[in-house]
There are 2 protein chains.
Amino acid sequence: MSLDRPSELQAGDARAPRQQPATLRDVAEAAGVHATTASRALNPKAQQLVNAETVRRVRRAAEELGYQPNPIARSLKTSKSSTVGLVIPDLTNPLFPPIVRGIENVLESAGYSALIVNTDNDPQRERALIESLRSRQVEGLIIATALLDHPLLQQLQQQDVKIVLINRRIENLRMPFVVGDDATGIGLAVKHLAALGHTRIAHLAGPQTTSTGVVRSRAFRHAVRDNGLEEDPALIVECAHWSEEDGAGAMRELLDRGTRATAVVAGNDLIALGCYDVFADRDISCPEDVSVVGFNDMPFLDKLRPPLTTVGVPHHELGAEAARMLLDSIDEPERYPRSLLLPVSLILRDSTAAPPA
Amino acid sequence: MSLDRPSELQAGDARAPRQQPATLRDVAEAAGVHATTASRALNPKAQQLVNAETVRRVRRAAEELGYQPNPIARSLKTSKSSTVGLVIPDLTNPLFPPIVRGIENVLESAGYSALIVNTDNDPQRERALIESLRSRQVEGLIIATALLDHPLLQQLQQQDVKIVLINRRIENLRMPFVVGDDATGIGLAVKHLAALGHTRIAHLAGPQTTSTGVVRSRAFRHAVRDNGLEEDPALIVECAHWSEEDGAGAMRELLDRGTRATAVVAGNDLIALGCYDVFADRDISCPEDVSVVGFNDMPFLDKLRPPLTTVGVPHHELGAEAARMLLDSIDEPERYPRSLLLPVSLILRDSTAAPPA
DNA sequence: TTGTACGCGTTATCAT
DNA sequence: ATGATAACGCGTACAA
């Protein structure tokens with residue numbers, strides 16, 4: 001049989017580059033098959049249903065036309081968007097970029113991408129943003145804004161929205177999460193300070209509306225007891241937010257209470273930064289007068305004066321694992337929800353030393 | 001079977017709670033009109049074509065059913081994805097989060113969202129990622145990775161891809177950009193140092209493959225001349241990357257050349273951070289021995305020792321303006337490409353002082 | 001002012 | 001092994 005494919009014609013075609021991107025039909029036509037067949041030939045999962053020779057013809061045509069499947073049409077048909085939503089408080093908090101990159105790494109290799117939204121810790125905003133994410137047909141949600149009491153999340157779970165919590169968890173809901181081992185981290189910090197000779201150690205706790213806040217302060221109280229240190233309630237101050245400003249406020253409160261603490265375990269690095277601010281104001285020197293330990297090991301802490309001792313959390317891995325879990329739960333919806341506790345480590349710098357004599 | 005559904009809540013209308021999200025047809029049916037009419041009633045632009053009373057009925061039905069238009073179907077029809085691509089080198093570089101938030105702010109209020117990709121400055125990766133973005137039908141691209149010689153961008157422009165450059169520009173291509181006023185910023189820095197009494201001022205230049213690198217070092221040379229300072233080529237060292245590591249390398253080079261500079265204008269904050277590292281190693285004190293000025297005012301610079309004097313760039317605004325420009329050029333494709341130069345300001349902290357006597 | 005009919009590009013389902 | 005047909009949910013000429 002003689003296929004008429006005069007080479008001149010091809011040259012002519014090439015001269016007139018398609019403005020419109022090639023569609024599946026174009027490919028099918030070029031390969032002399034029906035669109036359905038072309039679809040199968042191009043789809044690895046259905047490829048086996050079609051003649052090997054045909055597959056080659058189709059693929060070749062696709063190649064030549066620079067065919068790119070239209071993911072929107074595909075989504076409409078399959079109601080899968082290859083997209084997941086990522087809900088964080090604020091991208092400019094240095095804690096999150098490494099998490100995001102970890103997530104995107106994993107997503108990318110699975111052909112997924114992430115839609116990121118920032119809630120600024122505003123529940124109204126969070127609700128609206130999640131709604132918009134859902135209307136964009138995200139296949140699942142990775143959420144970093146979980147509160148201990150979070151009706152919205154509960155509601156989403158009832159609607160069978162696939163969710164993985166990151167960095168924070170919810171205790172009573174059975175919802176998969178990926179977090180750092182906060183309790184161990186705080187234990188390490190307290191033990192380190194105790195070994196240095198501190199006996200009056202304070203804790204600037206994070207908001208008790210979050211699991212991280214609660215877990216860390218509970219771990220703090222246990223560690224104090226385990227190390228035989230002074231258990232003075234006045235040594236614990238709660239911050240309303242995980243912010244430098246609130247950290248400073250709590251530090252001032254601590255000082256004004258006259259607790260004579262010689263060391264402070266901050267709920268996180270931002271809170272520790274707040275301590276630094278107060279030290280500067282009040283002419284307190286760290287670590288000579290007061291030692292400080294942070295939590296998270298966010299970037300550039302080694303450039304502070306003094307470089308901040310802190311608990312290192314593998315944020316990139318946290319993100320990667322959360323993404324993997326979400327993809328798994330999309331693939332196998334019935335799978336029992338797992339959760340992960342990633343190991344942390346104490347990072348010694350110069351903000352901790354023996355207490356003043 | 002017992003679905004746990006709060007009976008009071010839905011008592012009124014929805015006897016059969018939809019599992020499937022409501023579609024336009026559902027709304028139309030509920031309102032007793034045809035889908036077309038419902039579509040028009042819901043679409044602000046076509047709303048005027050329909051009876052006010054009907055509009056109310058439709059809207060009410062939509063409200064009650066919790067109708068959310070399916071953006072995928074809409075995209076397929078209109079071939080608009082309401083999505084733009086954002087191409088940055090690395091989200092963990094603190095420079096970018098504020099830019100991203102600025103972009104998302106504007107996008108959000110226009111019903112758009114951003115797909116973010118990190119190139120890690122790898123051209124291969126960049127090409128692949130942009131391709132994947134395009135296959136996701138993004139309506140435009142905001143690009144922060146532009147190099148002076150960037151064939152890919154040129155190629156995209158020829159394909160009529162809508163692009164706005166941010167933070168960096170390309171001089172010969174006519175492509176809209178939004179950048180800070182680098183030249184003025186450097187001028188401010190040099191003038192400040194000159195006023196302090198410095199005469200031998202060094203410049204640790206950023207990569208000359210980027211417009212920012214080139215513009216800043218050109219501005220530096222001009223400023224040195226304008227202020228009547230010493231024009232010694234040995235006082236300028238180029239960094240291969242905008243990184244702390246390269247900054248440290250360049251600082252060492254400068255020291256080893258024996259240039260006896262009393263101040264350095266770093267290409268950006270990261271490079272300035274590299275200087276701090278070298279100072280620590282070599283027992284040089286800043287600002288007593290050497291003054292340093294950074295560029296960008298990334299977060300937490302005020303916590304360094306010493307707090308870094310730098311040039312503040314309005315990153316959030318940069319992002320917002322770039323997003324606006326992109327949306328504009330999507331709306332009005334024929335509009336002449338604008339570009340924006342946003343004002344910067346010198347932020348005085350403690351890393352600059354008079355030269356040693 | 002409202003309704004009809006069709007198509008966006010793809011895939012699922014059935015038939016051949 | 002391949003083809004025909006319908007449908008995903010929406011928007012829009014065109015008709016009424």
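Letters A, B, ... are given to chains in the order of the sequence lines, protein chains preceding strands, and every chain is numbered from 1.
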Determine whether the side chains of A:Gln159 and A:Arg134 contain a donor N or O and an acceptor N or O closer than 3.5 Å. yes
Consider the side chain of B:Thr54, meaning its heavy atoms from C-beta on, and name the nucleotide among C:dT2, D:dG3, D:dT12 that approaches it most closely. C:dT2
Between B:His34 and B:Glu29, is any side-chain donor less than 3.5 angstrom from a side-chain acceptor? no
Does a side-chain N or O from A:Ser75 land closer than 4.0 Å to OP1 or OP2 of D:dC8, or not? no
Determine whether the side chains of B:Thr92 and B:Asp90 contain a donor N or O and an acceptor N or O closer than 3.5 Å. yes
Given DNA chain C, 5'-ward residue of the pair B:Leu76 and B:Val33, judged by closest heavy atom: B:Val33
Taken to the nearest whole Å, CG/B:Asp26 to P/D:dG9 is 9 Å
Contact residues, residues 67-74 of chain B to DNA chain D [heavy atom, < 4.0 Å]: B:Tyr67, B:Pro69, B:Asn70, B:Ala73, B:Arg74
Any base atoms under 4.0 Å from B:Leu24, or only sugar-phosphate, or nothing? Heavy atoms, all strands. sugar-phosphate
State whether B:Thr36 places a side-chain N or O below 4.0 Å from either non-bridging phosphate oxygen (OP1 or OP2) of D:dT12. no
Starting at atom NZ of B:Lys45, determine the distance to atom C1' of D:dG11, rounded to an integer number of angstrom. 12 Å
CZ (B:Arg136) and OG (A:Ser113) are apart, to the nearest 0.5 Å, by 3.0 Å
Let me know the distance between CZ of A:Arg40 and P of C:dT10, rounded to the nearest Å. 15 Å
Under 4.0 Å, counting only non-hydrogen atoms across every strand here, what does B:Ser79 touch: a base, just sugar-phosphate, or nothing? nothing
Point-to-point distance, once rounded to the nearest 0.5 Å, from CG of A:Leu152 to CD of A:Glu131: 9.5 Å
So which atom in A:Thr23 and which in A:Tyr67 form the shortest heavy-atom distance, rounded to 0.1 Å? C-CE1, 3.5 Å
Here the distance between atom P of D:dA16 and atom CG of B:Leu49, to the nearest Å, is 19 Å
When you measure from the side chain of A:Lys77, which nucleotide among D:dA7, D:dT2, C:dT13 comes out closest? D:dA7
Nearest-angstrom distance from the residue atom CG of A:Leu42 to P of C:dT11: 8 Å
Pairing donors with acceptors under 3.5 angstrom, does anything connect the side chains of B:Arg169 and B:Ser339? no
For the helix from C:dT1-D:dA16 to C:dT16-D:dA1, how many degrees between its two end axes (five pairs per end), to the nearest 10°? 40°
Work out which heavy atom in B:Ala114 is nearest to a heavy atom in A:Leu115; give both atom names and the distance. O-CD1, 3.8 Å
Below the 4.0 Å mark, does C:dT11 have OP1 or OP2 next to a side-chain nitrogen or oxygen of A:Thr78? no
Distance col, row B:Ile166:CD1 vs B:Glu321:CD, nearest 0.5 angstrom, shows 9.5 Å
For A:Asn43 and D:dT2, what is the distance between atoms CG and C1' respectively, to the nearest whole Å? 16 Å
Expressed as a whole number of angstroms, how long is the span from B:Gln47:CD to D:dG11:P? 14 Å
Does C:dG9 have its OP1 or OP2 closer than 4.0 Å to a side-chain nitrogen or oxygen of A:Thr23? no
So which heavy atom on A:Leu318 is nearest to which on A:Val178, and how close? O-CG1, 3.7 Å
Could you state the atom-to-atom distance from CZ of A:Arg25 to C1' of D:dA4 in whole Å? 12 Å
